[in-house]
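If you're wondering where the values come from, they're calculated on a predicted model, not measured in any experiment.
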Amino acid sequence: KDGQVEWGTLTLGSCEIAETIPVSWKLEAMAVEDFLSYIEQELTDAVQDKAVTEGIYGAGGAAAMTGITVGAVDTVYTGTALDGIATALATLTAKLKIGAKIYVSPSIVESISFAKDANGGYTYSPLNSVGLNSIATYPVEKDPYLNAGDFIIGNVGRYYRLNAIEPFSVTKDISGKRRVNEYTGYGILGGAPQPGCFAYGTAAT
């Protein structure tokens, strides 16, 4: 038989991301040539930080992207992060595990790296370690934007939709009265995950 596809509707939450750095005329005149490139890079980094955080934890709607954690299958673990990851993996279907990665917070990497056995020795040597590369054969990535104790499991490229409604750009506003140039990085992003396609773990408090 011919294949069939049933389409649904996914509403993307959108957010307006902006960051402004004012620079006095005097400072700009005295600065080295690379100063403006440095300013633009600072703006790019600031906007990127906001965008990634929104893509993970954004509440959705007209003022925020819908983050991956919204609509994910929640796992609250009380043991180790590995216990939580094992529980979370069991909540995903075989199809959702195809191409999935495990994104972990830096605190999880540190807790696993410094875990000790019953004799007080390190389970995994933290010295000259190449890092935490995989868990149960799933690739692992340390995500510095995740909150302490948090992890996400899923195929981001396949199940998260991201649109650049207004691509990022840097503009310059000149104020002669204040003798200041304002450099503003600006963009509008829309994004949302397909519900139920990710597992989200948090440590019990």
query = Where do Ile56 and Thr53 land on the side chain to side chain contact (heavy atoms under 4.5 Å, CB included) test, with the steps shown first?
reply = CA-CA 5 Å; Ile56 297 174; Thr53 302; over 6 Å; no
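- Atom-to-atom distance recorded for Gln194:CD and Thr66:OG1 is 13.0 Å, nearest 0.5 angstrom.
- Checking each of Val180, Ile39, Leu36 against Glu28 for a side-chain contact (heavy atoms from CB on, under 4.5 Å) leaves exactly one that passes, namely Leu36.
- Nearest heavy-atom pair across Arg158 and Lys95 is NH2-CE, 4.0 Å.
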Asn133 and Val140: CA distance, side-chain angles, deciding distance, side chain to side chain contact (heavy atoms under 4.5 Å, CB included) verdict = CA-CA 5 Å; Asn133 294 321; Val140 171; over 6 Å; no
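- Using modelled atom types and a 3.5 Å distance limit, the side chains of Asp49 and Tyr145 yield a donor-acceptor pair.
- Within the 3.5 Å criterion, the main-chain N or O of Thr87 finds no donor-acceptor partner in the side chain of Thr75.
- Tyr38 OH: 12 or fewer foreign heavy atoms inside a 6.0 Å radius.
- If you take CD on Glu54 and OG on Ser14, they are separated by 10.0 Å, rounding to the nearest 0.5 Å.
- Note: Tyr103 OH to Lys101 NZ = 5.0 Å, rounded to the nearest 0.5 Å.
- Using a cutoff of 4.0 Å between basic side-chain nitrogens and carboxylate oxygens, Lys172 and Glu182 are not scored as salt-bridged.
- As a member of the Ile/Leu/Val/Met/Phe/Trp/Tyr network built from side-chain separations under 4.5 Å, Leu10 groups with Leu12.
- Side chain of Asp34 to backbone of Ser37: no donor-acceptor contact under 3.5 angstrom is found.
- In this structure, Phe151 and Ile135 have side chains that are not in contact, with every pair of non-hydrogen atoms separated by 4.5 Å or more.
- In this structure a side-chain-to-backbone donor-acceptor pair under 3.5 Å is present from Tyr57 to Asn147.
- For Glu19 and Tyr183, the side-chain atoms include no donor-acceptor pair closer than 3.5 Å.
- With hydrogens and angles ignored, the 3.5 Å screen pairs a side-chain donor or acceptor of Asn155 with a backbone N or O of Ile98.
- Contact detail for Gly13 and Ala192: the closest heavy-atom pair is N-CB, 4.5 Å.
- To the nearest 0.5 angstrom, Thr91 atom OG1 is 7.0 Å from Ile153 atom CD1.
- Side chain of Lys142 to main chain of Val104: no donor-acceptor pair is present (N/O by atom type, distance under 3.5 Å, no hydrogens or angles).
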Test side chain to side chain contact (heavy atoms under 4.5 Å, CB included) applied to Tyr160 and Met65, step by step = CA-CA 11 Å; Tyr160 190 85; Met65 285 194 291; 4.2 Å; yes
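- Under a 3.5 Å cut-off, the side chain of Tyr186 and the backbone N or O of Val47 do not form any donor-acceptor pair.
- The same ILVMFWY cluster, assembled from side-chain heavy atoms under 4.5 Å apart, contains both Ile85 and Tyr138.
- Heavy atoms only, all atoms of each residue included: Phe198 and Pro193 are closest at CE1-CB, 3.9 Å.
- Contact record, Tyr200 with Ala72: CB-CB, 3.8 Å, taken as the closest heavy-atom pair.
- The CD1 atom of Ile152 sits 5.0 Å away from the CD1 atom of Ile68 when rounded to the nearest 0.5 Å.
- No option in Thr171, Thr184, Asp173 other than Thr184 meets the side chain to side chain donor-acceptor pair (under 3.5 Å) test with Thr20.
- Tyr122 and Ile112 fall into different hydrophobic clusters, where Ile, Leu, Val, Met, Phe, Trp and Tyr residues are linked whenever their side-chain heavy atoms come under 4.5 Å apart, directly or through other members.
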inquiry  = With side chain to side chain contact (heavy atoms under 4.5 Å, CB included) as the criterion, how do Phe168 and Leu189 come out once you've worked through the C-alpha distance, each side chain's angles and the decisive distance to 0.1 Å?
reply    = CA-CA 9 Å; Phe168 174 74; Leu189 297 175; over 6 Å; no
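- Without hydrogens or angle criteria, Ser111 side chain to Ile108 main chain gives a donor-acceptor distance under 3.5 Å.
- Between the Ser107 side chain and the Gly149 main chain, a donor and an acceptor come within less than 3.5 Å of each other.
- Leu89 and Leu82 fall within the same hydrophobic cluster, defined by Ile, Leu, Val, Met, Phe, Trp and Tyr side-chain heavy atoms under 4.5 Å apart, directly or through other members.
- Between atom CZ of residue Phe35 and atom CD of residue Glu40 there is a gap of 11.5 Å, rounded to the nearest 0.5 Å.
- Judged by distance alone, with hydrogens and angles left aside, the side-chain atoms of Asp83 form a donor-acceptor pair with the main-chain N or O of Thr80 at under 3.5 Å.
- When all heavy atoms are compared, the tightest approach of Ile188 to Glu16 is CG1-CG, 4.3 Å.
- The two residues Pro106 and Leu146 make their nearest non-hydrogen contact at CD-O, 4.3 Å.
- Within a 6.0 Å sphere centred on CZ of Arg161, heavy atoms belonging to other residues, nucleotides or ligands number more than 12.
- No donor-acceptor pair closer than 3.5 Å links the side chain of Asn119 to the backbone N or O of Gly121.
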